[in-house]
Amino acid sequence: KKSSGVPLAELENDSMVIDAPAQAKSKKTATETYQKLTQLEHIIKRPDTYIGSVEKTDQQMWVFNKETSQMEYKSITYVPGFYKIFDEILVNAADNKQRDSTMNTMKVTINRESGEISVENNGKGIPVVIHEKEKIYIPELIFGHLLAGSNFDDNEQKTVGGRNGYGAKLCNVFSTEFTLECQDSTHGKRYKQTWTDNMQKMQKAKITSSKSADFVRVTFKPDYERFGMPEGISDDLEALLYRRVYDMAGTVRGVKVHLNGTQIKLKDFKSYCDLYAKSIASERSAEEGGTPTCTVEIDKDKGHPRWEVGFTVSDGTFQQVSFVNSIATTSGGTHVNYIADQITASLLKALNKKKKGHTLKQTHLRNHIFIFVNCLVNNPAFTSQTKEQLTTKASQFGSRCSLGEDFLKKIAKSEAIENIMDFAQKKADKMMSKSDGNKRSRVSNAKLVEANLAGTRRGHECTLILTEGDSAKGLAVSGRAILDPDRIGVFPLRGKLLNVRDA
């Protein structure tokens, strides 16, 4: 109706007008059909290849609730691509701890009013020197040129998050303004440079002499329009970004993490895991009443310094919170399976001792565990640039993690075993309920003398006489004929009935 230009009133009694698909004005030539984009154009045109979806998505996720100061598992609406560009800068800053053990501070500022985000770390800075081959300053090469970085030598066994040479540049591409500041104390230089318009315009670098301590600070204003977020950072997204900063505080050892000017007080990985346990406990208390607890066991075995593992009891579905080289692997991967398999194998042994004759396998036991894994892996490989799932084989992790005996014993004593035994009982009951008499059908067995009403809606009135062997059956059958053939059936067993007390 709109496209026809006819007033609505005139069309009301007319036949319905249906808009046809717009026809191409003219047929494209072969040259117009096939295009070659620059890498920057490709990233902007097909962002999902690099940073994930730029559309709003609803997903159940763990986020940080700043009102309760606990983690919260809830359905949020967020843009995965936006979260990813923030994450790339955060992981970049954490990577510096692997390069320089003296790094001890990270500062993150999320300003919802201005829309600006900044991430800063101390420790060894970026060398402010001209690259001999590329003839440009190294900070410009790292942050303003695609497919540039220090992680391409696969002969070097590195435990950093960076890998493909996109990282920080993706954040630059999806920002309207991106500023890098860094100090190189070795050469006594301070470097500052700004890019605008999705990395397409680069301002001249400002280089000054300075003798202050090393640092790197990235400040960026995401392209909110491109992410379909004209309103800026929502409450849901803020809760997700906060959780990611708390991840850093809980998993990057020996680094004090500040969020919006306040240091996050998490002394170790256990206190980080407790943020989840408190949330689970408060949820259970709301459902069950009283004050249920939820404790996290941590593997204290010193034999695997690259691995930190925690365990708590799940509510009937497998859950995990895991990190590889500071990257949050929200979809788990080979490192999570590596730990989960050890835990379920140990639980299965404990279950076999307590409940003989069950039919559960390791896969059933997974649903009763919630595990936390924080590890460093050599040159990790992922399913995609968004790095949500690790694919590196266990043999290539660069380290082994055999869980400690004490840790596995504590898990065996946890509620998990009780829950698993309850589940085994329910599974057995379910198997029995398949033949609980609700299904009315005649039984086909040559030795069965069936009651005439068996298998009908009056089947509940019937009695089945079980006899020890065929000879005893004869007596019962002759008695049945006189008493009530409609309601009495007879079936001979092969030998004696099993004493079911210990079965």
Side-chain angles (χ1 to χ4, degrees), residues 43-44 46-94 108-119 161 166-168 170-176 178 198 218-251 257 259-260 264 272 275-276 279 283 319-323 326-333 382-389:
I43 291 171
I44 292 170
R46 293 288 180 266
D48 48 316
T49 312
Y50 303 89
I51 60 168
S53 171
V54 291
E55 305 291 330
K56 283 185 178 167
T57 306
D58 294 333
Q59 196 177 333
Q60 283 269 113
M61 290 184 91
W62 283 103
V63 294
F64 183 76
N65 184 329
K66 60 183 183 182
E67 306 299 324
T68 61
S69 294
Q70 288 174 8
M71 294 298 176
E72 184 181 8
Y73 194 61
K74 60 181 268 194
S75 180
I76 65 163
T77 302
Y78 78 112
V79 178
F82 185 103
Y83 165 66
K84 190 62 199 169
I85 64 165
F86 170 77
D87 191 50
E88 290 284 8
I89 297 297
L90 211 56
V91 171
N92 253 23
V108 181
T109 307
I110 300 167
N111 189 330
R112 283 181 71 173
E113 282 180 27
S114 67
E116 263 192 356
I117 296 171
S118 83
V119 178
Y166 286 110
L170 292 172
C171 182
N172 196 343
V173 171
F174 290 97
S175 295
T176 52
F178 182 99
N198 307 101
V218 169
T219 307
F220 62 101
K221 196 167 185 182
D223 190 341
Y224 291 100
E225 294 298 324
R226 204 173 283 279
F227 288 116
M229 296 165 54
E231 74 291 344
I233 297 171
S234 64
D235 289 347
D236 278 355
L237 183 60
E238 183 188 57
L240 180 58
L241 301 185
Y242 274 31
R243 191 218 80 205
R244 199 63 192 97
V245 181
Y246 269 76
D247 289 349
M248 292 295 167
T251 61
V257 179
L259 175 58
N260 292 346
I264 295 173
Y272 169 75
L275 294 173
Y276 294 83
S279 168
E283 204 170 290
Q319 281 194 283
Q320 60 87 27
V321 172
S322 60
F323 305 91
S326 302
I327 293 164
T329 42
T330 48
S331 300
F382 301 90
T383 46
S384 68
Q385 173 63 29
T386 53
K387 300 177 182 174
E388 289 162 1
Q389 190 173 358

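All values below come from the heavy atoms of this structure, side chains included, with hydrogens, waters and symmetry mates left out.
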Note: Arg243 and Trp62 closest approach over all heavy atoms is CD-O, 2.9 Å

Does the side chain of Asp58 come under 3.5 Å of the side chain of Thr77 through a donor N or O and an acceptor N or O? yes

First locate atom NZ of Lys221, then atom CG of Asp223, and finally report the distance between them rounded to the nearest 0.5 Å. 10.5 Å

Output the distance between atom CE (Met61) and atom NZ (Lys74), rounded to the nearest 0.5 Å. 12.5 Å

As an exercise, state the distance from OG1 of Thr330 to CD of Gln59, rounded to the nearest 0.5 Å. 7.0 Å

Heavy-atom pair of closest approach, residues Tyr83 and Ala328: OH-CB, 4.4 Å

Shortest non-hydrogen contact between Met248 and Ala94, atoms and distance: SD-CB, 3.8 Å

Sidechain-backbone polar pair: Arg226 side chain, Phe174 backbone, donor-acceptor under 3.5 Å: no

Asp247 side chain to Tyr272 side chain, donor-acceptor N/O pair below 3.5 angstrom: yes

Specify the closest pair of heavy atoms between Thr329 and Gln320, including all atoms of both residues, with the distance to one decimal. O-NE2, 3.4 Å

Checking Gln389 side chain against Gly332 main chain: does a donor-acceptor pair fall under 3.5 Å? no

Mind checking whether Ile117 and Ile233 have side chains closer than 4.5 Å, heavy atoms only? yes

List the atom of Ser69, the atom of Leu275, and the distance in Å for their closest heavy-atom pair. O-CD2, 3.6 Å

Indicate yes or no: at least one non-hydrogen side-chain atom of Phe178 is less than 4.5 angstrom from one of Cys171. yes

Counting only heavy atoms from other residues, nucleotides and ligands, does the tally under 6.0 Å from CD of Glu113 exceed 12? no

For the residue pair Glu225 and Pro230, establish whether any side-chain heavy-atom pair is separated by less than 4.5 Å. yes

Under 3.5 Å donor-acceptor, Asn198 side chain and Val173 backbone: yes

Would you say Asn260's side chain and Ile110's backbone share a donor-acceptor pair under 3.5 angstrom? yes

Give a yes or no on whether a salt bridge exists between Asp235 and Arg112, defined as a side-chain N under 4.0 angstrom from a carboxylate O. yes

Side-chain heavy-atom pair Tyr242, Ile264 within 4.5 angstrom cut-off: no

Spatial distance of atom CZ (Arg244) from atom CG (Asp87) [nearest 0.5 Å]: 4.0 Å

Is the centre of the Tyr224 ring less than 6.0 Å from the centre of the Phe82 ring? yes

Counting distance only, does the side-chain N/O of Ser326 pair as donor-acceptor with the main-chain N or O of Val91 below 3.5 Å? no

Looking at every heavy atom in both Ile85 and Pro222, which two are closest together, and how far apart are they? CD1-CB, 4.2 Å

NZ on Lys56 to OH on Tyr78, rounded to 0.5 Å: 14.0 Å

At what distance, to the nearest 0.5 angstrom, does CG of Leu170 lie from NZ of Lys84? 9.0 Å

Validation row: Val63, Asp236 side chains within 4.5 angstrom (heavy atoms): no

Give a yes or no on whether the backbone of Met71 and the side-chain of Ser279 come within a donor-acceptor separation of less than 3.5 Å. yes

